[in-house]
Amino acid sequence: MPRVIVLDDLSPEGLSLLESAGTIEVEVRTGLKGEALRNALLEADGAICRSGVKITAEVLEGNRRLKAIARAGVGVDNIDTAAATRQGIVVMNTPGGNTISTAEHTIALMLGLARNIAPAFQSLKEGRWDRKQFTGTQLAGKTLGIIGLGRIGQAVAVRALALEMKVLGYDPFLSAQRAKELGIKTVGSPQEMFPHVDFLTVHTPLNESTKNLIGFNEIKMLKKGVRLINCARGGIFNEAALVEGLKSGHLGGVALDVYETEPCTNSPLFSLPNVLCTPHLGASTEEAQSNVAVEAAELLVDFFTTGAIRQAVNMAPLDPKTLEELRGWLNLTYRLGLLLTQVDRSPPTACKLHYRGEVAKKDTRLLSAAFAAGLLEQAMESPVNIVNAEMLMRNRGIELVEERSSDVSDFHSLVTAEVVSEDRVSQASGTLFGNMPRLVQKAECRLESYLDGILLIFRHRDVPGVIGQVGSIFGKHRVNIAHMSVGRETNEPGREAVGVLSLDSQPPAEALSEILSLPSIEKAWVVNLPPAGKLPAWLGGNG
């Protein structure tokens, strides 16, 4: 009989479901860490946790028994998924259970800021009746800006619209049709909404592109008196910048439920006026805790009774033989997705995958899901893999279309990916050289480039001197070019061409600015891809 250990407080509904399965032995041991946690996991086949326990690589080292970990919640930051993957441990999460509770908490903080509820109550506790001091503002008629329109961002938008607010939204993967259905007016970038919003809330993951998304410079771009809310991840707002913005009077208020370092009991924000803070309560409702506990319990019951793997964040539901056969192609389509999401920031309405030659005879549904995982990886609130990528695209109103042809062209197999938005189509084609992914066409220009590391992709007119000018600029900024490929639409010089440079280091912003100022350069993008041979955790890599 498999043994499941419960490592954090879990709602009675979740525990009851586990125990009623009748085929699972359940033990509750909370508050474990270090060697005690390691020893407990050595005696378990499965584990359920929330955010309290830290399941590190050291804790998992040498564990040959543990097969699955279920996280009762969205984030898996407290689990070393790469270490779990290396040891064949499935990590699953419950992304839908706390959506409504977190959205409601966002609205609650917004209302609390608008009506000065916390300081007004404090004044009564201190024996004062200061009605005039706490005059607030109504939400109806005000404009709310939402950065990140996944499940929670969309739920916030629905509630804000019910309060008769106007909603501006930014999400690189929300289709225009889906935004229209929700009643959201979308913008091309967060900066575009800054001068127009009275309230701003964020619902994005924390990654390199969202860390300090609202910092010193961004606050200056915001309308004076704007109120900011963060119930997503600590670090999206620069807390030092918030302090300065409040002290200068530029910010009208700040409400936080998450912090750069948690637990957080001492912050300069706590002593400032027009600040409302809570200790990470977004998902702290009886309903949310019950939902995620039941869902996590169901995941483990299904896993140990039928072998089903659902909502895994680190593994694909493939048998080893199929995975080995498809690994190169999965890696290729994943990297094409990563590339196209960095060269075209317009919200897509559809993605089209064209499979030609021998690859068309393979399980292209999985290859398309890998492309979607790469396309969405940096924009989602929860981990993305080939299990959940298609669902996440559908939630944003993005259609995923496949076309297959057994005809062979210049390559034995060819995959062409198109990202279709309202005003453009971005396209890239790739194939495998051996088992190594290669970019062989960008737009209508044929070339041959690596699909790893740091790339500079630039569109230019095919005239003498362009490549030399780009090389000189990188030389001046001490950026080494490891490989270069150039392709053009036709054999006729002077027409549009595309260049791809593999770089040994990240080019500084000044270098990119100088390249873009060259008369023959139309556009340029820096694209960051995983190093050669590095695979995502769900494809059997180290994450």
Side-chain angles (χ1 to χ4, degrees), residues 71 73-77 93-107 109-110 144-161 167-190 193 199-211 213-214 229-237 257-258 282-283 288 291-292 295 311 313 337 341 345-349 351 369 372-400 419 421:
R71 163 73 163 94
V74 180
V76 290
D77 301 347
N93 71 341
T94 59
N98 60 10
T99 297
I100 300 303
S101 293
T102 304
E104 287 183 352
H105 196 65
T106 301
I107 297 293
L109 290 181
M110 186 162 57
L144 171 64
I146 303 177
I147 301 176
L149 289 161
R151 294 170 295 102
I152 296 172
Q154 290 183 28
V156 170
V158 168
R159 284 151 182 78
L161 289 164
V167 177
L168 293 180
Y170 170 75
D171 188 300
F173 294 103
L174 184 74
S175 70
Q177 180 59 36
R178 179 61 178 150
K180 185 177 179 181
E181 291 170 1
L182 291 166
I184 301 169
K185 181 180 179 182
T186 55
V187 294
S189 68
M193 73 167 69
F199 295 83
L200 178 69
T201 180
V202 290
H203 299 283
T204 72
L206 179 66
N207 53 41
E208 289 184 8
S209 63
T210 61
K211 186 172 178 59
L213 180 66
I214 305 297
I229 304 104
N230 184 5
C231 291
R233 293 286 185 272
I236 297 174
F237 289 171
D257 186 48
V258 290
N291 289 343
V292 296
E295 194 173 351
Q311 295 171 195
V313 302
T341 196
R345 301 291 183 177
S346 300
T349 57
C351 294
L375 192 76
L376 300 178
E377 185 174 278
Q378 294 298 313
M380 297 296 105
E381 301 149 353
S382 57
V384 183
N385 55 40
I386 63 172
V387 179
N388 61 9
E390 286 190 69
M391 176 196 69
L392 291 170
M393 290 186 74
R394 286 197 301 272
N395 288 347
R396 282 167 161 73
I398 304 169
E399 185 182 14
L400 187 61
V419 176
S421 59

Just how far is it from atom [atom1] of [X] to atom [atom2] of [Y], taken to the nearest 0.5 Å?
| X | Y | atom1 | atom2 | answer |
| --- | --- | --- | --- | --- |
| Leu392 | Phe173 | CG | CZ | 11.0 Å |
| Asn98 | Asn291 | CG | CG | 9.0 Å |
| Leu182 | Lys180 | CG | NZ | 12.5 Å |
| Cys351 | Leu376 | SG | CG | 7.5 Å |
| Leu109 | Thr201 | CG | OG1 | 8.5 Å |
| Ile229 | His203 | CD1 | NE2 | 8.0 Å |

Do [X] and [Y] come within less than 4.5 Å of each other through their side chains, counting heavy atoms only?
| X | Y | value |
| --- | --- | --- |
| Pro348 | Val419 | yes |
| Ile100 | Arg159 | yes |
| Thr349 | Ile398 | no |
| Pro95 | Gln311 | yes |

Quick check against the 3.5 Å criterion: does [X] have a side-chain atom that pairs as donor or acceptor with the backbone of [Y]?
| X | Y | result |
| --- | --- | --- |
| Thr210 | Thr204 | no |
| Asn93 | Arg71 | no |
| Asp171 | Leu149 | yes |
| Thr99 | Arg151 | no |

Among Leu200, Val202, Val167, the one residue meeting side chain to side chain contact (heavy atoms under 4.5 Å, CB included) with Ile146
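Only one option passes, and that is Val167.
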Does Thr341 have any side chain to side chain donor-acceptor pair (under 3.5 Å) partners at least two apart in sequence or in another chain, and if so, which?
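For Thr341 there are no side chain to side chain donor-acceptor pair (under 3.5 Å) partners, ignoring immediate neighbours.
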Kindly give the heavy-atom pair with the smallest separation between [X] and [Y], and that separation in Å.
| X | Y | value |
| --- | --- | --- |
| Ile107 | Ala160 | CD1-N, 4.2 Å |
| Ala389 | Ala369 | CB-O, 3.6 Å |
| Glu295 | Gly97 | OE1-N, 4.0 Å |
| Gly169 | Met193 | C-CE, 3.8 Å |
| Ile147 | Pro190 | CD1-CB, 3.8 Å |
| Ala288 | Ser101 | CB-OG, 3.3 Å |

The test is side chain to side chain contact (heavy atoms under 4.5 Å, CB included); show your working for Leu206 and Ile236 and say whether it passes.
CA-CA 6 Å; Leu206 179 66; Ile236 297 174; 4.0 Å; yes
For Val156 and Leu144, what are the C-alpha separation, side-chain angles and deciding distance, and is it a side chain to side chain contact (heavy atoms under 4.5 Å, CB included)?
CA-CA 10 Å; Val156 170; Leu144 171 64; 4.1 Å; yes
Just checking Lys211: does its NZ atom have more than 12 heavy atoms from other residues, nucleotides or ligands closer to it than 6.0 angstrom?
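Yes - once you tally the heavy atoms of other residues, nucleotides and ligands closer than 6.0 Å, there are more than 12.
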Between Arg178 and Gln154, do the side chains contain an N or O donor and an N or O acceptor separated by less than 3.5 Å?
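Their side chains do contain a donor-acceptor pair, which is all the 3.5 Å distance test asks for.
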